[in-house]
Structure formats: C-alpha cells, structure tokens
Amino acid sequence: MGLQKIAVVFLLSFWSFLTLAQVTFPKNGVYDEQEGHYAFTNATIYVSPQQKLENATLLIKKGKVVATGTDISVPKDAVTIDLKGKYIYPSFIDLSSNYGMPKPVGTKRKSSAPQMLSNKDGAYSWNEALKPEQDATTLFKVDEKGASDLRKLGFGTVLTHQMDGMARGTSALVLLGAEKEHDMIIKAQASAHYSFSKGTSKQNYPSSRMGAIALLRQTYYDGQWYAQTRTDETYNISLEKWNENQKLPQFFELNNRLDFLRADKLGDEFGVQYIIRGGGDEFLRLDAIKKTNAPVVLPLHFPKAYDVSDPYDAEEVGLMQMKYWELAPTNPARVAEAGIPFTFTARLTKDKKDFWKLARKAYQYGLKEEDLLKALTTTPAQLIKADELLGTLEKGKLANFIITSDNILKEKTIFYHNWIKGKPYVLKDLNAIDIRGKYELAIDQQRFELKVTGTAIAPELYLINPEDTSKKTKLKHSFVNNTLAFVFSPKKDSATKGTNVYRLSGAVSPNQWAGQATKFDGTWISWTAKRTGDIELKASKLPKLIKIEDLGEVFYPWSPYGYAKKDIPKKETVLIKNTTVWTGEKKGKLEGVDVLVQDGKIAKIAKKISASDAKVIEGTGKHLTAGIIDEHSHICINYGVNEGTQASSAEVRIGDVINSEDVNMYRQLAGGVTGAQLLHGSANPIGGQSAIIKFRWGSLPEAIKYENADGFIKFALGENVKQSNWGPNARVRFPQTRMGVEQVYEDHFTRAAEYGAALKAGKKVRKDLELDALLEIINQERFISCHSYVQSEITMLMRIAEKHQFTLNTFTHILEGYKIADKMKAHGAGASTFSDWWAYKYEVIDAIPYNAKILDDMGIVVAINSDDAEMGRRLNQEAAKGVKYGGMSEEAAWNMVTHNPAKLLHLDDKVGSIKVGKSADLVLWSDHPLSVYAKAEKTFVDGVCLFDHKKDEAKRQLIQQERNRLIQKMLKAKSEGAKTQPAIFQPKQHYHCGNTDCNKFIDFNVDVNGID
C-alpha cells in the first residue's frame, strides 16, 4: 500500500473518529459521516491470549471490532490493509498509572511548627492524608507526550488516579489517544485507591507505618458509623465519598511483600478484597501471598529500585542483594505458576524503553507467553470490570490493537501502529522497505561499496574502505517514508587537492536507490546505488529459556541465615541426656538428668529416660535452661517504633508492623533468647499496643505472635514525652511539663470511662480505637508497661491507676524503683529494669546497680531487659550482674531473664521455666549460663531447633560459597557486556526507647529486601 493510500486511511480514520466520539460538541463546518471501516488481512492475529489465528482478517467499523477470523469476506466499502507476515495483538492495559494527572500539591503550612490538624478548607477529613474525595475523572487531562510514550510500548488504556495520600479517591479508565478528554474517558469512578504513604500531607500524624494502618482502620469504622448516623451528625465530604467508594474495585499500592500481607490483613478485617500493586518481590513469600486471594499488579524492575538487570559491584553489596539480583526476574513466572491473577504495570519501570527488555527477561526466566499476554490484556480488563470493551479482539470490543513485525517476545520485533478506538497512531512506517544488504554506489564517475546493517526500521549505513575492506566508516543518514538522505566524504585525491563531500537524497526500492546529490562545490549530479548482494541477517528468536531450578534458592526468611525450603526445621522428639537442668521452679538446679521433648512440649524430666524414637543429644557437662525472654525489646519492627505525633497513640499496634525477617531475631536465638515483648517507643505519654512474639525464625509475622496472649500497651514518663530534647520548632504538642503528663492520663482515662459507660448503656457511640484500648486497661483486659525513671512520676501514675481502679502491670527501666519499692509492692506493680545502666542522662542520675536486688528483696517480680538489639543477645550476662551487685543467688538472677519476664507477660503457665507441659523453649549451653564463656549450642522454640552452633558454622561457609558463586556470575554478565550498577544503600535502623525521630516512611524495601 502506497503513501497516498496511507494518507487516505488516516484521513478517513480522523473524520470517522470525530463523528463517533464528539457528538455532544457543535462543529463549525460540514460533518463527515465516514464510518472508519477497515479490513486488516493476512495477519497473525491474537484474538485473545488463548486464541491465535494465522492468515486471518480483522474487520473494524465505527471504532469497534466487527469480526475476526480466517474466512471473513471483506466488504467493498472497507479500506483493506494487507498485513502479510505481520502480527496483531489487543492493545495492552495498565492498572497502575497517574497518566494525565496534575502534580499533587498539598496545603501550605501555616508555621514551621508541626502541623497537628488539616489545613484544608472545607468539610473534609481531619487528616490530609485521607483524600477519598479525589476524582481522577475531574482531574484528567490528555497528555500527548505521556500517551505517546505508553503507546510505543503497546498500551492503549490505563487506569489512572491521583497518587497522593493514603485514601486516594477514585480513578478513571482512559484511552491513550490524542482526542478530547470527553472521548478518552471510557469509565469514570472506575475504582478506589489506597496506600500507606501520606503523599503531600505535611500533617504530623501518622509518622509511622503502624500509625498509617491505624488511621485507615479507624476510617473504616468511621465510615460505618457515619453511614448509620448521617442524619444526626455533621456533614463530612470525605466520609461521604469514602462510603461511596466502597462499592468499587479496591486497589492498594505498596512496595514489598510484608506490606502486602499487612494491607490484606487490614482488608480482611472489613471484608474488603484488595487488588494489590506489589513491589516485585512476591516470590519471597509466595505461599502466604497466594492465601490472601489478592490479584496483583506487578512492576517490572529487576532488582527493586533499579530497572535494568545489570550486576552490582560485588564489593559493595551483601549476599541478599546479589541473590535478589539473580532471582527477581523469576517473580512473574512464580506468581503465574502459583495461580495468582496478575497484571503488569509500566509505571515503575524507570526507563520506559526497558519495559519490553524486562518483559522478555521475565519470559526467559519461566513466564509463559500466554500468561504474559493475559497479564497485559484480559486479566486487567476483568479486574477493572471492563472486559465487555477491552482485552480481546472479539466482536463488539473497542478497536484497540497493535500491529507488529513479529512475536512481541522477540528482541527485534517492531511496533508499527497502535490503534485506539479505531484511530491509528503510527509508531514506525508500516511499509518501510528493508534496505539491508550490499550496494554499489555510482556517483560522479566513481564507484563505492556500501553496506547496510541494523534493523529494517533503523538501518545503519557504512562506507567500505576500498583499500582495506575490513574497515568501514559509519555514515550519518535519515530514512523516512522510504526516502534516504546521507552524507559521505571519499578519500582525498591529487586532483581535487581536498576532501570531496557529497550530500545525497533520493527514493529507494528493494534493489536500487536513485536521486540527486550536491558536491562540495555546490553543483548537482545524479547518483544510483544498486544491490550487489545480501548480508547475513540473524533471525529474530525468542529469548533462550533459563530453568528456575538452575538458580539459587529462596531463603525463608530472606536473610543469609534463612533456610532453603527443604531445610526448614521441624518439630522432633528430642531427648537431652545427662545434663544440668535449671528448672526455674522450686526444684532449682537438677544435676545429671534427662529432658524429653515431644510435640513441642516438655514431656518428661527424670534420670535415665528411654525413648526409642527420639533424637538423642548428649548434655554431659552442659547446662539446659528455659529460653530467655526479653520483656522490653524493639527488634522486628518495620517503619518506626514511635507514633509520637499525639499525646496518645493507644490505637496503634506494633503487631501491625512486625518484621519477621529481622536478622536480630536469629542473632538473639544465638544468645539463647526465645521470645520478647516488642514495645512502642517512649515519645508520648500513651504509646501504642505491644506485640509479644516467639522467635520462630523463618515464620510469617502473624505466626511469630504468641497465641492468645494478653494485650499490653506502652506508657511513658519523663523527658521524652514532654519533648525536652526535640528542639524549639518541634515543641508544640501537649504536654510540655510533667504536670501536663499527669493531666493527659487523667483526661484520657476519664474519657475512656465515659465512653465505656455509654457503650454499656447501649448508646449510639462512634467506635474509637484509642478509647477502646484505654477502656481495656480500666477493665483489666490490657496491661501497661511504663517507661519510667523518676520516683515522683512513678508514684503519680500509680495514684492515677488506683483512682481509676486498675493496676499497673510493669514499670520498665524503673531506675529509681529502689526508692519506692514499698509503694510498688503495695500497688502490685512489677519491674523490668536494666542491670547496670546509669547516668546516661540527667533523669537517671540517681540510678544504682543494686536496684534489681532491692526490688527483688521487697518481693516485687523483677526482670532484666535489653531495650537494645545488641544487648538482647547477651541477656545471660546481664542476669549474671545480679549476682555481682547484691549477692543475688544464681537461680534468682537467672529467673530475671526467664521465669520473671514470663510472669510479667502473663505467660508463666506456658514458658519461662522447665516444667512438664510447658512449651519446649529451651537452650543448651556449653558452660554455666551466667558465664561470659557460655555459648548457646542449641536453641529450641516449641521443640524446634532454630539455632545450632555447629550448623551456624557450616552456614557461614555456605554463605561464602554462595557469595563467591554469585560474584562469578556477575563477572560473567559483565564480560558479556552488562554494566555494573551502584549498590543500593540499605540503612539498618536499630530502634530503642529513645527513638523519637523516626517520623519518616521509607518507601523502598530497605529493611525487608536483603539485609545481611
């Protein structure tokens, strides 16, 4: 088909499109009623991912598919376009886009001080991170540059929304054409969108991931309450829209696998099934993600944070970053193999030109062609409930399709056209002549040899050196609409005394070029170039497949010290023979006894136990103790330990942000620790709810929580909560004094009591997650662990508790506890303290190392805690200091890190001592457990050996071997032309009570994708 016919095709399409779409707009002139009737013949057509037709015809009219098949009669009035040797696919759909959206702009801050409430004018939510009223339909504006970039990749439709805030409002399903917005929007308010990111909100709350989850959880309840009480309460635009949006498909945008599970758990609380835009690391917890039943929108970037597959400089990265580099391309194939519905998005591909390079890499690493096509066509159409219009080339669907030179998975495949609603957008010349070959150029009575390589669409011209044919000079040229123009300078000669420069242009045919040229002196001459031969062309092939089983293994958890799936430890029947047993009970230490473990429990304690089916461990000369329990820890927490933006954050839950892949868990197992209470920080008087975990290394966040444990919550006193050291601009939040701290407690417990009375009376009360937690305290259903130093404040809080008729469970730190031990005893409070920390800030200047001994002598339950990731693995030595300071008995000192913390956490019926029926959380020590020379040889949790000293030594050797293997693989990739990429900086945050500056989200996978 010639240029003239192409022009006719475009013209007809243009006018037919106007006639079809802009019926509500008046036209200044005469209407053209052409119907846009086209027949595309002799093509390989993918009607759907499952239906491929050879030598088929696609018939479209009025912007829709009329028919697709191999025996279609072409109507006389249809414009016929012969596509012999070419392919047609349905245009692709992207469900995670901000195409056509304006740049988000937040409200202006009124001062440099922290912003406590929304600055947004109008009857909207109190929190600027909640923007359910955002409507992409009203914001959308056609962006021809953005549309063109996506059309070049084969996309014809996107689901776009304003990516700003945690509740982001609704999206619009739009076409990627260049017409008016009215014509491009095919579905308004198509879906609702959420994230954990505050976006442009400058408001303090939330400052942590757990705060973000709490805010969304409270908003779900607020929406339910608002729907029930709308006539009785004030109007709220945000809650109105929030409720309206619940009827739509629900999308959640996040960055990693653990956030995936958090978002799904939040949805499950309210009967919502999210479609989740994941982080590309789903393969690292695939079984758990499959159980969520959530469809996934996958980004294409291998590895995370970089969009090409270049190797790292191995000297600068850890093992898990290198393993992620190797395994990330398998993610789409693994997701498909698991049967999880998924789609692809191009939005997070840093350089859009790499999208198909990465898609082909996914195919190379096991993704089937059909699954790839489904992910780009039918699955997104179904998820957004637009499959009646999009996704296939069946009769009645929109005429959205691409024309390519070959299978899209082949590297050299050319994307020619992208038709959208029956209108063609030209990407490459469909009728370009393939001029690759050898030619003899005749010009000015001279002969030159030319060679043309490259691709049919982007040929490369070379002038061959006649004296040495192995040498060639690349010529600058342009090749558009089968017209060629180029410049060259032949060799200097004596006749011209200089360099001849020729500028040539002309038309090309398959075997000859001809045209006019200008010489260096400005004269015009004719030229021709005749084909003299072909060049050897490499056939465009599908990428060579790589077997997943030939790659390294996924570790559970994702850590150098994780387990390959086949090596995950399991419960065993274990018999530990002839050892010294520290029972932690009245029996004290037992010499030369055996302990039998069955089904994760301690089954028998006696001498000379016989068990034929048991794995026998020789304990002669060794010591067996209950596992250490850290009553006060901040390990295994993601994205902030404090939600200190308000005086009370009782609604937030550490349990929402557990990081079960924190290597500190393994390190502490190596120190004999088997469980801990994970506490909120001390940034505010009323902190968040605790999580009590067992160190089930390798398990998921929910699985490491103690089953049916009592609820705890963190309170705090002292300098931190009144913002003493937060700087002048930060000090605006109430309270600012110690007497203000007292008033916070009085006010909140009074309100909680009133809230409880209203609930008891059956009144219509808004569910308040903060007051729910405080009411649980009053009702002795939730228990306080309070950060404390100064005796006056400790006494104050006990008086507050007694006034509201509850008992404080634990004062933690409690470094002036020795001054008021009698008052604590009378109140019934326990103590969790440091062994010998003192004078590290002014409010602990009166601390003494005899504190634990004095409190213990008073009959108070005393534990020694860490409050520090590093100290947590040496708590046996911290306990030993109790013997040094005050002459405490060894058993009493040991109980301060085992039985006593179990008592404080109300778990002493399950753990904390060695007693028949209790959980087999045990540690076999090489030496006396209070000795600095003692090593934990084996640590059991629920009867599963999760740390073994000998296996750990072997693991370190395997880690080095794996690292060396990956270095060699990266070197090989580099030698084959891949460029190295810089290491991804991975900060390692160790939280402790004093972390009051953890106010920022880290929205990439720093603490879940490969920390060593």
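Residues: numbered from 1 along the sequence shown. Because the structure is a prediction, the values reported are computed rather than measured. Just so it is clear, the values below take in all heavy atoms, side chains as well, and ignore hydrogens, waters and symmetry mates.
Smallest separation of non-hydrogen atoms from His634 and Leu679: ND1-O, 2.6 Å. In plain terms, the two heavy atoms of Ser191 and Leu159 that are nearest each other are OG-CD2, 3.3 Å. Counting all heavy atoms, side chain and backbone alike, Phe270 lies closest to Arg217 at CZ-O, 3.6 Å. The minimum heavy-atom distance linking Val641 with Ile654 is given by the pair O-CD1, 4.5 Å. In plain terms, the two heavy atoms of Leu545 and Tyr363 that are nearest each other are CD2-O, 3.5 Å. Nearest approach of Gly627 to Thr674, heavy atoms of both residues: CA-OG1, 3.4 Å.
Of the inter-residue distances, the one linking Ser699 atom OG with Ile658 atom CD1 reads 11.5 Å to the nearest 0.5 angstrom. With rounding to the nearest 0.5 angstrom, the NZ atom of Lys52 is 6.5 Å from the CG atom of Asn407. Note that CH2 of Trp356 is 9.0 Å distant from CG of Leu300, once rounded to the nearest 0.5 Å.
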Could you go step by step and tell me if Lys323 and Glu326 meet the salt bridge (Lys or Arg N to Asp or Glu O under 4.0 Å) rule? CA-CA 5 Å; Lys323 283 184 68 66; Glu326 178 183 41; 5.1 Å; no
Show, in sequence, the C-alpha distance, side-chain angles and deciding distance for Asp567 and Lys951, and conclude whether the salt bridge (Lys or Arg N to Asp or Glu O under 4.0 Å) test is met. CA-CA 12 Å; Asp567 298 327; Lys951 288 183 178 179; over 6 Å; no
Please determine whether salt bridge (Lys or Arg N to Asp or Glu O under 4.0 Å) holds for the pair Asp259 and Arg262, giving the CA-CA distance in whole Å, both sets of side-chain angles, and the decisive distance to 0.1 Å. CA-CA 5 Å; Asp259 272 351; Arg262 291 170 186 134; 2.7 Å; yes
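Using cut-offs of 30° and 60° on the angle between ring planes, the pair Phe355 and Phe344 is perpendicular. The aromatic rings of Phe92 and Phe155 lie perpendicular to each other, with more than 60° between the two planes, well past the 30° mark. Using cut-offs of 30° and 60° on the angle between ring planes, the pair His161 and His193 is parallel.
Annotation: cation-pi pair Lys352/Tyr99 absent, no NZ/CZ under 6.0 Å from the ring centroid and within 45° of its normal. Under a cutoff of 6.0 Å and an axis angle of 45°, Lys910 and Tyr706 do not form a cation-pi pair.
Take Gln250 and apply the side-chain hydrogen bond (donor to acceptor under 3.5 Å, both in side chains) test, not counting sequence neighbours, and it matches Tyr194. With sequence neighbours excluded, no residue satisfies side-chain hydrogen bond (donor to acceptor under 3.5 Å, both in side chains) with Ser97.
Remark: Asp599 CG is loosely packed, at most 12 non-hydrogen atoms of other residues, nucleotides or ligands lying under 6.0 Å away. The number of heavy-atom neighbours closer than 6.0 Å to CD of Glu411, taken from other residues, nucleotides and ligands shown, is 12 or below. Annotation: Glu337, atom CD; neighbour count of heavy atoms from other residues, nucleotides and ligands within 6.0 Å does not exceed 12. Residue Asn708 places its CG atom among 12 or fewer non-hydrogen atoms of other residues, nucleotides or ligands, all under 6.0 Å distant.
Between Phe252 and Phe260, a ring centre-to-centre spacing not shorter than 6.0 Å is recorded.
Looking at Val296, Thr343, Asn255 one by one, the single match for side chain to side chain contact (heavy atoms under 4.5 Å, CB included) with Arg277 turns out to be Asn255.
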